Participant: 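A single structure is presented below for examination.
Just so it is clear: chains get the letters A, B, ... in the order the sequence lines come, proteins before strands, and each one is counted from 1. Since we're looking at a predicted model, the values are computed, not measured. What's counted below: heavy atoms across the whole structure, side chains too, no hydrogens, waters or symmetry copies.
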Amino acid sequence: MQFLNDLNPYQKEAVTTTEGPLLVLAGAGSGKTKVITYRLIYLLKKLHIPAKRILAVTFTNKAANEMRERIKALTGNIKDLSISTFHAFGVHFLKEEIKVLGYMPKFSIYSDKDTLELLHSILIDLKLDAEKYPPRLMAYLISKAKNKLLFPEQAGLEDPVFRDIYRLYQEQLRVLNAVDFDDLIFLPVKILQSHSEIQQKWSQRFQYIMVDEYQDTNHSQYILIRLLSQFHNNICVVGDDDQSIYAFRGADFHNILSFEKHFKKDDPVKIITLKINYRSTPIILEAAYALISHNSKRHAKSVETFLKDGEKINLFETMEAREEAEIIADEIFNGRIEGKVPYHDHAVLCRTNTQMRTFEEVFRQKNIPYRLIGGFSFFDRKEVKDLIAYLKLIYNPLDNLSFLRIVNFPKRGIGDTTLEKFKNFAFAHDLSFLGAVDSLAHKTDSDLSKPLIHKFELFKELIEKYEKRFQESKVSEVLVEFFQEIELEKEFERIYKDEAPFRIKVIGDFIDYAKNYESYAKKNDELANLEGFLKNMSLLNQDTKDDDEETNHKVPIMTIHASKGLEFHTVFIPGFEEGNIPHDRSIKEGPAGIEEERRLAYVAMTRAKKRLFISHVSMRKIFGTETERIPSKFLKEIPKHLVADRDEKTEDEHLADLKKMFA
DNA sequence: GTCCCCAAGCCTCGC
DNA sequence: GCTTGGGGAC
Ligand SMILES: Nc1ncnc2c1ncn2[C@@H]1O[C@H](COP(=O)(O)OP(=O)(O)OP(=O)(O)O)[C@@H](O)[C@H]1O
């Protein structure tokens, strides 16, 4: 076992302790992910455990892909190995087991935008005021209930109206044969809890289970893991409570702090701490720990640094965001020329997506190659959503929401009144919308004219034709054919007029995405088909990075949330202002909100290996209006001697500046 | 049935 | 500031 020599004794112990519950609780950069990866290899290569007996859960799809690649490189084979996010695992599980709940295996996954639409229609059905029961709030409450594994009856104890909304929402989803994101965890748990034979099957299957970033799991995810590990009880989780930054999604770092209590059964729980940080310079680390030690609710850790020396943290302020981005662009340029640090070993970590746009513009102008990670989803664009609705309906004919989106796109002369009559007809006969089309001709109670009925029939034929085509040929090829058939470009020209060329380009991007998906599937020994494509889009699990080397030499621009688990030679954290980090919305939430923001800052800082730049602006545009900004209070929590403030000026210089300003 | 205009809210973070 | 979609005009 040559490869074990890459590990320190504590890491080695974590890797070779395979039986019983194991918790690795350790700070940033201490090699937790490395432990998980090596542990997988150890199980496969040394103990010869069949791949299908192991489940590894990562936080993001990117992390899953990276781990898969490393395992593939080291063992040559990744077939049958389950490395996925909780949600991707949920999809996998439900494909096999969702029948017991009365759903079909070909279910749709609704994004939160879709669920808002659904909630909107439910409020209308229940004749409720959307002002009094805002769909956003309802969606949030339903999500919270599902995280806590509560059904409508249990969640709506105080508020019967909410109970009814939640109940109807869940019923509608089932009729549409669709699930929301929370269902991907909630439903598997409910199935495992109520069907002991299924629970036995799955918990016997997974002899070893590992979870990375355990501090960001929520209650339902913890229960899911407990149910799956019940039989063998070989469960290993790693994490760092200081890096819990997904509370808004229900994550609760008490899961990791209570791991021992949760999992001790006959076997004792082993806890291993890793103290050595291999990533960052002592200066960066001292600053990050000084900051995080201001949090009251945390498990204190001691750290030692492996690296020596290093330069101070660079701090600077600019008037506005553009200038901030320009200075960063120049630093990256210099870093590459003078420091020989390649583009992709720099990273810009933003608090919000909106910040990213400025960097995109400035980098483009200054010819700095960049790539945006995450951010505004391509799939949220209206024109793309329409295209996806077609695919969803083709895949899942029960998906009425998608049907409504596209039955008159491109315009085929089916208007609101016609549609209203059609819907009533379908409801009266208890049919799905697509299913109702066939009955129109035989039944007399639809109140629709012959030509109108024919329009519906043509639409259904189109859907059915492509259902077949997608089974026969490659997704990307069928897409091209399909877009031609519905004369999409023509429609875009009609709707978008001058903007059409730009929108038409989006069609091309969509097809490129499909091609990318196909090569991604191939790389992972997966079958590329419509089902996989839809899943891939719903879970956003494509690495935006494609294979050509070009892309690997670009500066990533992303949010701090997306940077979790990554590391870079040089890190820039722009927008270090009060109101941005900590964000206004979090400040409003009180102390817990601020502590979460402090963890965010800690995560961002600890991504840096050698150089760290922190910057803030004095004016920032918020919803179009310029507002004055002051430096983040977190800045005061970083010891001054670790920081090189470029703007540190003498009194005289300040005076001179002021004079200049008013001259 | 379709087009077009204007009020209103927006994305903090994302599987 | 900009998108979006509801509601009225054609
Ligand atoms: N024993 C070791 N010797 C040398 N380098 C190591 C060792 N262990 C880990 N590293 C390196 O330290 C870096 C951080 O490791 P890793 O990403 O696994 O840490 P982590 O604890 O998961 O970090 P984080 O919690 O911040 O995501 C990696 O570059 C890794 O290769």
Side-chain angles (χ1 to χ4, degrees), chain A residues 57-64 84-91 109-113 115-117 120 130-131 134-136 143 146-147 179-186 213 216-218 220-221 244-251 349-357 373-377 379-383 385 408-420 452 455 491 494-497 499 535-542 558-564 575 577 579-589 593 596-597 599-601 603-604 620-627:
Chain A
V57 182
T58 59
F59 193 73
T60 62
N61 290 293
K62 192 173 344 138
S84 67
T85 62
F86 272 104
H87 293 85
F89 173 78
V91 175
I109 302 167
Y110 276 11
S111 70
D112 21 10
K113 286 255 168 73
T115 64
L116 278 181
E117 237 171 86
H120 219 88
E131 303 268 298
R136 280 184 160 279
S143 169
K146 286 183 177 177
N147 282 175
V179 302
D180 66 19
F181 272 115
D182 298 306
D183 281 342
L184 294 175
I185 318 296
F186 179 66
E213 310 280 9
D216 272 322
T217 51
N218 63 32
S220 58
Q221 290 167 337
S244 175
I245 53 176
Y246 280 85
F248 69 95
R249 225 168 67 185
L349 308 184
C350 301
R351 175 63 184 83
T352 65
N353 277 304
T354 18
Q355 278 176 270
M356 286 162 59
R357 197 175 289 164
I373 296 178
F376 316 82
S377 178
F379 305 109
D380 280 343
R381 311 178 68 100
K382 188 189 161 349
E383 62 268 35
K385 282 181 82 173
N408 201 29
F409 170 84
K411 291 266 176 313
R412 8 178 114 74
I414 298 177
D416 287 349
T417 35
T418 307
L419 212 51
E420 210 46 47
L452 274 175
K455 284 178 183 170
E491 178 72 357
R494 200 181 61 76
I495 310 176
Y496 298 117
K497 308 253 153 60
E499 277 190 54
K535 172 180 161 188
N536 190 298
M537 287 188 288
S538 300
L539 302 182
L540 293 175
N541 65 2
Q542 194 148 316
M558 65 183 115
T559 63
I560 300 171
H561 283 89
S563 75
K564 196 153 94 147
E577 296 129 38
N580 197 48
I581 183 163
H583 197 279
D584 279 328
R585 308 272 280 246
S586 300
I587 295 173
K588 282 205 198 81
E589 288 165 17
E596 174 114 345
E597 296 281 320
R599 288 193 291 271
L600 260 173
V603 168
R620 188 179 288 280
K621 261 204 186 110
I622 307 286
F623 289 141
T625 37
E626 293 279 358
T627 31

Participant: Roughly, in whole Å, what's the span from CZ in A/R381 to C1' in C/dG5?
Facilitator: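 After rounding, the gap between these two atoms is 17 Å.
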Participant: Rounded to the nearest Å, what distance is computed from the CG atom of residue A/N147 to the C1' atom of nucleotide B/dC15?
Facilitator: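 My rounded result for the distance is 11 Å.
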Participant: Under 4.0 angstrom, heavy atoms only, what part of the nucleic acid is A/R136 near: base, sugar-phosphate, or nothing?
Facilitator: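 Sugar-phosphate only.
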Participant: If each of A/R412 and A/R585 is mapped to the nucleotide of DNA chain B with the nearest heavy atom, which maps nearer the 5' terminus, i.e. the 5' end?
Facilitator: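 Checking each residue's closest nucleotide, the 5'-ward one belongs to A/R412.
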Participant: Taking 4.0 Å as the cut-off, does a side-chain nitrogen or oxygen of A/N61 come that near to OP1 or OP2 on B/dG14?
Facilitator: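 No.
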Participant: How long is the span from the NZ atom in A/K621 to the OG1 atom in A/T354, to the nearest 0.5 Å?
Facilitator: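 A/K621 atom NZ to A/T354 atom OG1 measures 13.0 Å (nearest 0.5 Å).
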Participant: Using a heavy-atom cut-off of 4.0 Å across all strands, would you classify A/K411 as base, sugar-phosphate, or nothing?
Facilitator: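 The residue A/K411 makes sugar-phosphate contact but no base contact.
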Participant: Answer with base, sugar-phosphate or nothing: what part of the nucleic acid does A/F86 contact at a heavy-atom distance below 4.0 Å?
Facilitator: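 No contact.
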Participant: How long is the gap from CZ on A/R357 to OG1 on A/T352, to the nearest 0.5 Å?
Facilitator: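 The CZ atom of A/R357 sits 10.5 Å away from the OG1 atom of A/T352.
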Participant: Would you indicate, yes or no, if B/dG1 has its OP1 or OP2 atom less than 4.0 angstrom from a side-chain nitrogen or oxygen of A/N408?
Facilitator: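 So the side-chain polar atoms of A/N408 never come under 4.0 Å of the phosphate oxygens OP1 or OP2 of B/dG1.
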Participant: Taking the six-membered ring for Trp, is the centroid-to-centroid distance between A/F59 and A/Y246 below 6.0 Å?
Facilitator: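 When the ring centroids of A/F59 and A/Y246 are compared, they turn out to be within the sub-6.0 Å range.
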Participant: Can you check whether A/F248 stacks with the B/dT12 base, using ring centres under 5.5 Å and planes within 30°?
Facilitator: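 No; by the centre-distance and plane-angle rule, A/F248 does not count as stacking on B/dT12.
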Participant: Can A/H87 be said to stack with the base of B/dC15, given centres closer than 5.5 angstrom and planes under 30 degrees apart?
Facilitator: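 Not stacked: fails the 5.5 Å / 30° test.
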Participant: Quick one: do the A/Q355 and A/N580 side chains pair a donor with an acceptor below 3.5 Å?
Facilitator: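 A/Q355 vs A/N580: donor-acceptor pair found between side chains.
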Participant: Quick check: on DNA chain B, is the nucleotide nearest A/T60 upstream (toward 5') of the one nearest A/G413, or the reverse? Name the residue that is more 5'.
Facilitator: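 Whichever sits nearer the 5' end wins; that is A/G413.
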Participant: A/F409 has an atom CZ; how far is it from atom P of B/dC3, in whole Å?
Facilitator: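 Distance, rounded to whole Å: 13 Å.
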Participant: Hey, does the side chain of A/T418 come within less than 4.0 Å of B/dG1's phosphate (OP1/OP2), counting only N and O?
Facilitator: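 Answer is yes, contact under 4.0 Å.
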Participant: Mind calculating the distance between CG (A/L539) and P (B/dG14) to the nearest angstrom?
Facilitator: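 Nearest whole value for this atom pair: 15 Å.
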Participant: Does A/E589 reach a base, just sugar-phosphate, or nothing at all? Heavy atoms under 4.0 Å.
Facilitator: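 Since a base atom lies under 4.0 Å of A/E589, the category is base.
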Participant: For A/T417, answer base if it contacts any base atom (sugar-phosphate contacts may also be present), sugar-phosphate if it contacts only those atoms, and nothing otherwise; contact means non-hydrogen atoms under 4.0 Å.
Facilitator: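 Contact class for A/T417: sugar-phosphate only.
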Participant: To the nearest Å, how far apart are A/H583 NE2 and B/dC13 P?
Facilitator: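 In whole Å, B/dC13 P and A/H583 NE2 are 7 Å from each other.
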Participant: Side chains of A/D180 and A/T115: do they bring a donor and an acceptor to under 3.5 Å?
Facilitator: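 Note: A/D180 and A/T115 side chains miss the donor-acceptor criterion.
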Participant: Is the base of B/dC15 touched by the side chain of A/D112 through a donor-acceptor pair closer than 3.5 angstrom?
Facilitator: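 When only heavy-atom distances are counted, A/D112 does reach the base of B/dC15 through a donor-acceptor pair under 3.5 Å.
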Participant: CD of A/Q221 versus P of B/dG14: gap in Å, rounded?
Facilitator: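 Result: 16 Å.
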Participant: Round to the nearest Å and state the distance from A/N580 atom CG to B/dT12 atom P.
Facilitator: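 After rounding, the reported distance stands at 11 Å.
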